[in-house]
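Remarks on the structure that follows.
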There are 2 protein chains.
Amino acid sequence: MPTIRKRSRKRDAILQCLSGTTTHPTAEWIYNELKPDIPDLSLATVYRNLAMFKQAGQIESVGVFGGLEHFDWRTEPHAHLVCRCCGAVIDAEGIELPSALITQLEETSGVRVDSCRITLQGLCPACTQQA
Amino acid sequence: MPTIRKRSRKRDAILQCLSGTTTHPTAEWIYNELKPDIPDLSLATVYRNLAMFKQAGQIESVGVFGGLEHFDWRTEPHAHLVCRCCGAVIDAEGIELPSALITQLEETSGVRVDSCRITLQGLCPACTQQA
DNA sequence: TCTGTAATTGAGAATGATTCCTATTTTGAG
DNA sequence: CTCAAAATAGGAATCATTCTCAATTACAGA
């Protein structure tokens with residue numbers, strides 16, 4: 001598992017692309033976004049850098065939906081909603097677990113909790129209106 | 001998307017295998033579990049039936065961890081913990097969102113919420129002790 | 001119980017996201 | 001400016017999952 005040691009124009013562009021959108025994109029989405037400006041960008045580079053950013057804690061994986069891993073540059077805990085109609089992944093504000101529940105779980109079951117991922121399934125605002 | 005219309009010995013065995021464990025297994029785990037007793041079982045049949053059970057609401061997907069989709073026969077809402085050390089997926093009792101938060105989200109953001117998946121990352125009891 | 005048809009299955013090919021390989025290019029400390 | 005280490009391109013390889021289709025099986029009706 002390689003670590004980040006140097007900068008590169010492409011590495012910066014990938015992180016900037018991710019932090020410039022709220023769409024929680026996949027590796028391929030980022031690749032297609034950057035390809036016009038960086039014609040010799042390789043898809044492998046996008047995957048490689050996303051993995052390194054993730055390991056470094058600079059970005060997070062939102063999860064795998066429809067076989068595609070989605071990423072998020074916001075690393076503070078927050079929930080997401082995946083639209084079952086259009087597949088969009090959007091932030092869900094204000095959704096969080098009472099921390100007392102986590103503490104209680106750790107004390108009663110002997111597990112250790114590092115982080116929590118909350119994913120709602122439903123319809124995004126646009127698809128809710130059409131329904 | 002095919003629907004379940006008939007029974008079969010293999011189909012029953014797959015569901016029974018899943019409901020007889022608390023390990024939230026993958027398709028391949030179930031296949032390996034059943035193969036000795038059903039030598040002509042095909043991995044494709046396991047995948048096919050899991051997909052049909054899922055669509056029928058008889059089982060649920062817990063999520064994709066390490067590239068492998070894990071399934072659960074318990075369909076009532078409950079959270080899970082994925083061990084970052086051994087990869088085990090275990091039930092996390094008592095972890096649930098206050099329903100008022102969901103209601104509030106629906107009213108303020110215009111989304112529709114069908115269900116919720118809560119996944120904790122951390123250490124299972126066994127790995128917590130070794131740490 | 002027998003029959004016919006539609007559902008189910010096995011086995012392997014196909015798919016598609018992700019990772020690996022390695023020769024080449026780039027970065028950055030000194 | 002130099003040079004070793006890090007990063008990259010591009011295409012092959014991997015691996016979970018899905019598809020194909022001929023053969024098998026379930027089961028409603030006779």
Side-chain angles (χ1 to χ4, degrees), chain A residues 1-18 23-56 58-72 82 87 89, chain B residues 1-18 23-56 58-72 82 87 89:
Chain A
M1 15 184 143
T3 315
I4 294 178
R5 309 187 190 213
K6 294 183 179 179
R7 310 187 113 213
S8 80
R9 193 177 305 124
K10 286 160 187 172
R11 172 164 298 162
D12 289 347
I14 290 165
L15 189 55
Q16 191 179 343
C17 177
L18 183 55
T23 62
H24 310 90
T26 64
E28 190 147 24
W29 188 93
I30 293 173
Y31 172 78
N32 288 326
E33 195 76 5
L34 296 175
K35 190 68 173 174
D37 289 332
I38 311 176
D40 70 337
L41 179 66
S42 169
L43 184 54
T45 296
V46 178
Y47 275 105
R48 200 173 332 115
N49 279 287
L50 288 174
M52 294 172 93
F53 285 138
K54 184 166 106 177
Q55 179 185 300
Q58 294 189 253
I59 68 172
E60 273 181 11
S61 171
V62 176
V64 177
F65 311 118
L68 290 297
E69 183 160 22
H70 291 253
F71 296 91
D72 194 341
V82 180
V89 180
Chain B
M1 14 182 148
T3 314
I4 294 178
R5 310 188 190 213
K6 294 184 180 180
R7 308 186 114 214
S8 79
R9 191 178 309 124
K10 287 160 187 173
R11 171 163 298 163
D12 290 346
I14 291 165
L15 189 54
Q16 192 179 342
C17 177
L18 183 55
T23 63
H24 309 90
T26 64
E28 188 147 27
W29 188 94
I30 293 172
Y31 171 77
N32 289 326
E33 194 76 5
L34 295 174
K35 189 69 173 173
D37 289 332
I38 311 176
D40 71 336
L41 179 66
S42 169
L43 184 54
T45 296
V46 178
Y47 276 104
R48 225 179 350 232
N49 279 287
L50 288 173
M52 292 172 93
F53 285 137
K54 184 167 107 176
Q55 180 185 302
Q58 294 189 253
I59 69 173
E60 272 182 12
S61 172
V62 175
V64 177
F65 311 118
L68 291 295
E69 182 159 24
H70 291 253
F71 296 91
D72 194 341
V82 180
V89 180

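The shown structure was predicted, so the numbers you read here are calculated from the model rather than taken from an experiment. By convention in this document, chain letters (A, B, ...) are assigned in the order of the sequence lines, proteins followed by strands, and residues within each chain are numbered from 1.
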Show your working on side chain to side chain contact (heavy atoms under 4.5 Å, CB included) between B:L15 and B:N49 and close with a plain yes or no. CA-CA 8 Å; B:L15 189 54; B:N49 279 287; over 6 Å; no
For DNA chain C, which residues of residues 35-48 of chain B approach it to below 4.0 angstrom with any heavy atom? B:D40, B:L41, B:S42, B:A44, B:T45, B:R48
Sorted by number, the residues of residues 59-69 of chain A with heavy-atom contact under 4.0 Å to DNA chain C: A:G67, A:L68, A:E69
Checking B:H24 side chain against B:H70 main chain: does a donor-acceptor pair fall under 3.5 Å? no
Please report, rounded to the nearest Å, how far the P atom of D:dA5 is from the CE atom of A:M52. 16 Å
Could you report the tightest heavy-atom contact between B:M52 and B:T3, atom names first, then the distance? CE-O, 3.2 Å
Rounded to whole Å, please give me the gap between CZ in A:R7 and P in D:dT8. 12 Å
Would you name the heavy atoms of A:E33 and A:P36 that are closest together and state the gap between them? O-CD, 3.5 Å
Take the protein atom CD1 of A:I4 and the nucleotide atom P of C:dT26, then report the distance between them rounded to whole Å. 20 Å
Heavy-atom closest pair, residues A:V89 and A:V82: CG2-CG2, 4.3 Å
Does D:dT24 have its OP1 or OP2 closer than 4.0 Å to a side-chain nitrogen or oxygen of B:K10? no
Tell me, with the steps shown, if B:I14 and B:F53 meet side chain to side chain contact (heavy atoms under 4.5 Å, CB included). CA-CA 10 Å; B:I14 291 165; B:F53 285 137; 4.2 Å; yes
Do B:R9 and B:D12 make a side-chain contact, defined as non-hydrogen atoms from C-beta onward lying under 4.5 Å apart? no
Whole angstroms only, please: what is the CG-P distance between A:N49 and D:dA6? 15 Å
Set out, line by line, the N/O atom pairs under 3.5 Å between protein and nucleotides 3-6 of chain C.
{"from": "C:dA6", "atom 1": "N3", "to": "B:K6", "atom 2": "NZ", "distance (Å)": "3.2"}

Here the distance between atom C1' of C:dT19 and atom CG of A:L50, to the nearest Å, is 13 Å
Please report the closest heavy-atom contact between A:I38 and A:K10, naming both atoms and the distance. CG2-CE, 3.8 Å
Which pair of non-hydrogen atoms, one from B:L50 and one from B:F71, has the smallest distance, and what is that distance? CD1-CE1, 3.6 Å
Tightest non-hydrogen contact, residues B:Y31 and B:S42, listed as CE1-C, 3.8 Å
Look at the side-chain N and O atoms of B:R11 and state whether any lies under 4.0 Å from the OP1 or OP2 oxygen of C:dT9. yes
Report yes if at least one side-chain N or O of A:T26 is closer than 4.0 Å to OP1 or OP2 of C:dA17; otherwise report no. no
Where do A:I4 and A:R11 land on the side chain to side chain contact (heavy atoms under 4.5 Å, CB included) test, with the steps shown first? CA-CA 10 Å; A:I4 294 178; A:R11 172 164 298 162; 3.6 Å; yes
